[in-house]
Amino acid sequence: MSTISDAESQIMQALWGQHPLSAEDILAALPAEGGWQLGTVKTLLNRLLNKGAVKAEREGRRYLYEPLIDRAQWEGSESMGLLDRVFGGRLSPLVAHFSAQRRLSAEDAQALRQLLKEHDDEH
């Protein structure tokens, strides 16, 4: 699967929320502060069609779009790509970086402790 850009991912977010959607429906679902235009949405949809990320079916004078890739599949691919590109595939530098940038909540710290405990129990 080809890489999905940040702008394309916003289109996908709208489609994962509800589908099928027309280009106009997608435009309405996007954040207003983004300054989105219908032409931009259609261009991004065309790119996503070419990448095999969405499909389109004609309904009257318009097309309805649906995602062809699963949100969890995309999230997994993106997160592993970030881990590999930025942190050499290592988890501890990633956690250290984010905990230095944003204070861990008690809930997050507990969740990390639980993950480590489960990891230790498995090995």
Inset, instruction - Grab the two heavy atoms, one from V41 and one from A23, that are nearest each other, plus how far apart they are. - result: CG1-O, 3.8 Å
Legend entry - Q10 CD to S5 OG distance, which is reported to the nearest 0.5 Å: 9.0 Å
Legend entry - Polar contact flag, side-chain donor to acceptor under 3.5 angstrom, S22-D25: yes
Inset, instruction - For residues W36 and P31, report the shortest heavy-atom separation together with the two atoms involved. - result: CD1-O, 3.4 Å
Legend entry - NE2 on H19 to OH on Y65, rounded to 0.5 Å: 15.5 Å
Inset, instruction - Measure the NZ-CD1 distance between K42 and I26 for me, rounded to the nearest 0.5 Å. - result: 11.0 Å
Legend entry - Closest non-hydrogen atom pair between A14 and L21, with its separation: O-CD1, 3.6 Å
Legend entry - Residues, nucleotides or ligands: over 12 heavy atoms within 6.0 Å of E118 CD: yes
Legend entry - Cluster link M80 to M12, ILVMFWY, side chain under 4.5 Å: no
Inset, instruction - Report the distance from atom OH of Y63 to atom CD of E57, rounding to the nearest 0.5 Å. - result: 11.0 Å
Inset, instruction - Please name the pair of heavy atoms, one in I69 and one in W16, separated by the smallest distance, quoted to 0.1 Å. - result: O-NE1, 3.0 Å
Legend entry - Salt-bridge criterion met for K51 and E8 (N-O under 4.0 Å): yes
For residues 84-91, run the donor-acceptor check on the side chains, cut-off 3.5 Å, and write out each pair with its distance to 0.1 Å, sequence neighbours left out.
from : atom 1 : to  : atom 2 : distance (Å)
R85  : NH1    : G81 : O      : 3.2
R90  : NH2    : S92 : OG     : 3.4

Inset, instruction - Check the pair L68, V54 against side chain to side chain contact (heavy atoms under 4.5 Å, CB included), reporting the backbone distance first and the verdict last. - result: CA-CA 5 Å; L68 289 176; V54 299; 5.5 Å; no
Inset, instruction - First locate atom CZ of R71, then atom CD of Q13, and finally report the distance between them rounded to the nearest 0.5 Å. - result: 4.0 Å
Inset, instruction - Check side-chain hydrogen bond (donor to acceptor under 3.5 Å, both in side chains) between E78 and all other residues, then give those that pass, not counting sequence neighbours. - result: none
Inset, instruction - Would you please name every residue forming a side-chain hydrogen bond (donor to acceptor under 3.5 Å, both in side chains) with S99, sequence neighbours left out? - result: none
Legend entry - Heavy atoms from other residues, nucleotides or ligands near CZ of R58 exceed 12 (cutoff 6.0 Å): yes
Inset, instruction - Just jot down the side chain to side chain contact (heavy atoms under 4.5 Å, CB included) partners of R113, sequence neighbours excluded, or say none. - result: A109, Q110
Inset, instruction - Considering non-hydrogen atoms only, spot the tightest contact between E59 and L64 and give its length. - result: OE2-CD1, 3.3 Å
Inset, instruction - Go through the structure and list residues passing side-chain hydrogen bond (donor to acceptor under 3.5 Å, both in side chains) with Q18, not counting sequence neighbours. - result: none
Legend entry - Atom CD of Q114: over 12 foreign heavy atoms under 6.0 Å: yes
Legend entry - Qualifying residues under salt bridge (charged side-chain N to carboxylate O under 4.0 Å, His left out), relative to D70, sequence neighbours excluded: none
Inset, instruction - Please examine the side chains of L94 and L83, heavy atoms only from C-beta on, and report whether any two atoms are closer than 4.5 Å. - result: yes
Legend entry - Check: S77 side chain, W74 main-chain N or O, donor-acceptor pair, under 3.5 Å: no
Legend entry - Which atom of I4 lies closest to which atom of A53, heavy atoms considered: CD1-CB, 4.3 Å
